Amino acid sequence: YAFVSDFARFKVLYDEGGLYFDTDVEVIKAFSALLEKDAFSGDILLASVVIGDGVKTIGENAFMNCPALASITISDNVTEIGGNAFQGCTGLASIAVGTGLRSIGERAFGNNNSLASITVATGNPAYCSVDNILYSKDMTTLVVAGKKSGDIVIPDVAAIGDYAFYSSTDITSVNIGKNVTKIGDYAFYNTKTLATVYSQNTTPPEISANTFPKYRVGRYTKYAFQLIVPAESVEAYKAATVWSEVENVNGQDIETFESG
């Protein structure tokens, strides 16, 4: 029955286009034009990728939905990763970014729920990594996190990016620092076990309707987590856009937030 898998592979190539590789791949010459056309999207056997010096841009959807892809090494010459480039690579465990990267598109690393290691070369002027989390170099924006679980504390950044924790389905509580002013779309949307959100900022951060997970109750959807905020700010959160939809809001002395 080996022909069945061959047929399936050729059917995908016929329907979707692209290139087929059986095992590991090292890119040694530029094929940016191919990467801009979903060249590897949906490859079910691709296990590792090394993007060589000849490539400057990884286009949108380039490696989207490659479930066996476990590691990515991106050379110093790559300056841009397009939206959805590695989205849905559910087996992806490690990403190593070189010094040249300047731009990461929306959902580039979305739904990578095996991601255990994100590293950035020390000389990169735009990004850095700490504890398996990718930040802007100045540490003001949390861009994307590897897989996290349990109780987590967000460092005192100013913004949490779109889809930042989308791959972390097993977070039970999150403690958001006092300087966070914006939490992006779908940042915690996939954290299905989220029970408690601590928000230290006395002014409610900007969020969207899709920042946190909702659950359907009858004909309605609702937030199921408990929100704990500074005691002086309970009413502000209850009146704020989107936050006002959280039913369980409680105040806490700000001095106790550090311990969660």
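Given the structure is predicted, the values throughout are model-derived calculations rather than measurements.
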Check: Thr193 side chain, Ile171 main-chain N or O, donor-acceptor pair, under 3.5 Å: yes
Check against side chain to side chain donor-acceptor pair (under 3.5 Å), Ser199 and Tyr237: CA-CA 10 Å; Ser199 183; Tyr237 277 84; 2.7 Å; yes
Trp243 (side chain) donor-acceptor with Leu227 (main chain) under 3.5 angstrom: no
For residues 66-75, which side-chain donor-acceptor pairs fall under 3.5 Å, sequence neighbours excluded?
| unit_1 | atom_1 | unit_2 | atom_2 | d |
| --- | --- | --- | --- | --- |
| Ser75 | OG | Ile51 | O | 3.4 |
| Ser75 | OG | Gly52 | O | 3.0 |
| Ser75 | OG | Asn77 | N | 3.3 |

Note, Thr181 side chain near Asn201 side chain (heavy atom, < 4.5 Å): yes
Minimum heavy-atom distance Lys147-Asn113, with the two atoms named: CD-O, 2.9 Å
Residue pair Asn112 / Ser167, side-chain donor-acceptor N/O under 3.5 Å: no
Contact summary for Cys89 and Asn65, nearest pair of heavy atoms: SG-N, 4.2 Å
Distance-only side-chain donor-acceptor flag, Thr140 / Asp138, under 3.5 Å: yes
Interatomic distance, Ile183 atom CD1 to Ser208 atom OG [nearest 0.5 angstrom]: 10.0 Å
Pair Lys178 + Asp156: basic N to acidic O under 4.0 Å: yes
Donor + acceptor pair across side chains of Ser136, Tyr127 (<3.5 Å): no
Residues Asn250, Gln226; criterion side chain to side chain contact (heavy atoms under 4.5 Å, CB included); working and verdict: CA-CA 8 Å; Asn250 295 285; Gln226 174 186 204; 3.0 Å; yes
Side chain to side chain contact (heavy atoms under 4.5 Å, CB included) between Thr119 and Val97, intermediate numbers included: CA-CA 6 Å; Thr119 59; Val97 176; over 6 Å; no
CG on Asn179 to CD1 on Ile154, rounded to 0.5 Å: 13.5 Å
Donor-acceptor pair between Thr172 and Asp151 side chains, under 3.5 angstrom: yes
Shared hydrophobic cluster, Tyr189 / Ile160 (ILVMFWY, side-chain heavy atoms < 4.5 Å): no
Met64 backbone acceptor or donor facing Ser41 side chain under 3.5 Å: yes
Lys148: salt bridge (Lys or Arg N to Asp or Glu O under 4.0 Å) partners, not counting sequence neighbours: none
Side-chain (Arg107) to main-chain (Gly105) donor-acceptor, under 3.5 angstrom: no
Atom of Ala239, atom of Ser244 and distance for their closest heavy-atom approach: C-CB, 4.3 Å
For Leu134, the option from Ile95, Thr141, Ile104 that meets side-chain contact (heavy atoms from CB on, under 4.5 Å): Ile104
Side chain Ser233, main chain Thr203, donor-acceptor under 3.5 Å: no
Lys214 to Tyr223 six-membered ring, cation-pi geometry met (6.0 Å, 45°): yes
Pair Phe212 + Phe225: ring centers closer than 6.0 Å: yes
Modelled atom types, side-chain donor and acceptor of Asn175 and Gln200, under 3.5 Å: yes
Pairwise side-chain contact, Phe165 with Ile152, heavy-atom cut-off 4.5 Å (strictly under): yes
Separation of Arg102 CZ from Thr99 OG1 (nearest 0.5 Å): 7.0 Å
Shared hydrophobic cluster for Val130 and Val180 (ILVMFWY, side-chain gaps under 4.5 Å): yes
Contacts of Lys238 that satisfy side-chain hydrogen bond (donor to acceptor under 3.5 Å, both in side chains) - sequence neighbours left out: none
Shared hydrophobic cluster for Tyr166 and Phe86 (ILVMFWY, side-chain gaps under 4.5 Å): no
Pro213 to Leu194 - nearest heavy-atom pair and separation: CD-CD2, 4.2 Å
Spatial distance of atom CD (Glu106) from atom CG (Asn84) [nearest 0.5 Å]: 7.5 Å
Test side chain to side chain contact (heavy atoms under 4.5 Å, CB included) applied to Cys128 and Met139, step by step: CA-CA 8 Å; Cys128 65; Met139 295 289 289; 3.5 Å; yes
Hydrophobic cluster membership, Tyr186 vs Ile176, 4.5 Å side-chain cutoff: no
Atom of Asn132, atom of Ile118 and distance for their closest heavy-atom approach: OD1-N, 2.9 Å
Sidechain-backbone polar pair: Thr211 side chain, Gly184 backbone, donor-acceptor under 3.5 Å: yes
Non-hydrogen atoms of Ser114 and Thr90 that approach each other most closely: OG-O, 2.7 Å
Asn111 side-chain N/O to Gln87 backbone N/O, donor-acceptor pair under 3.5 Å: no
Any Lys182 side-chain heavy atom under 4.5 Å of Pro205 side chain: no
Donor-acceptor under 3.5 Å (Thr169 side chain, Asn190 main chain): no
salt_bridge(Lys222, Glu245) N-O dist < 4.0 Å: no
Pair Val234-Val229, side chain to side chain contact (heavy atoms under 4.5 Å, CB included): steps then yes or no: CA-CA 6 Å; Val234 170; Val229 302; 3.9 Å; yes
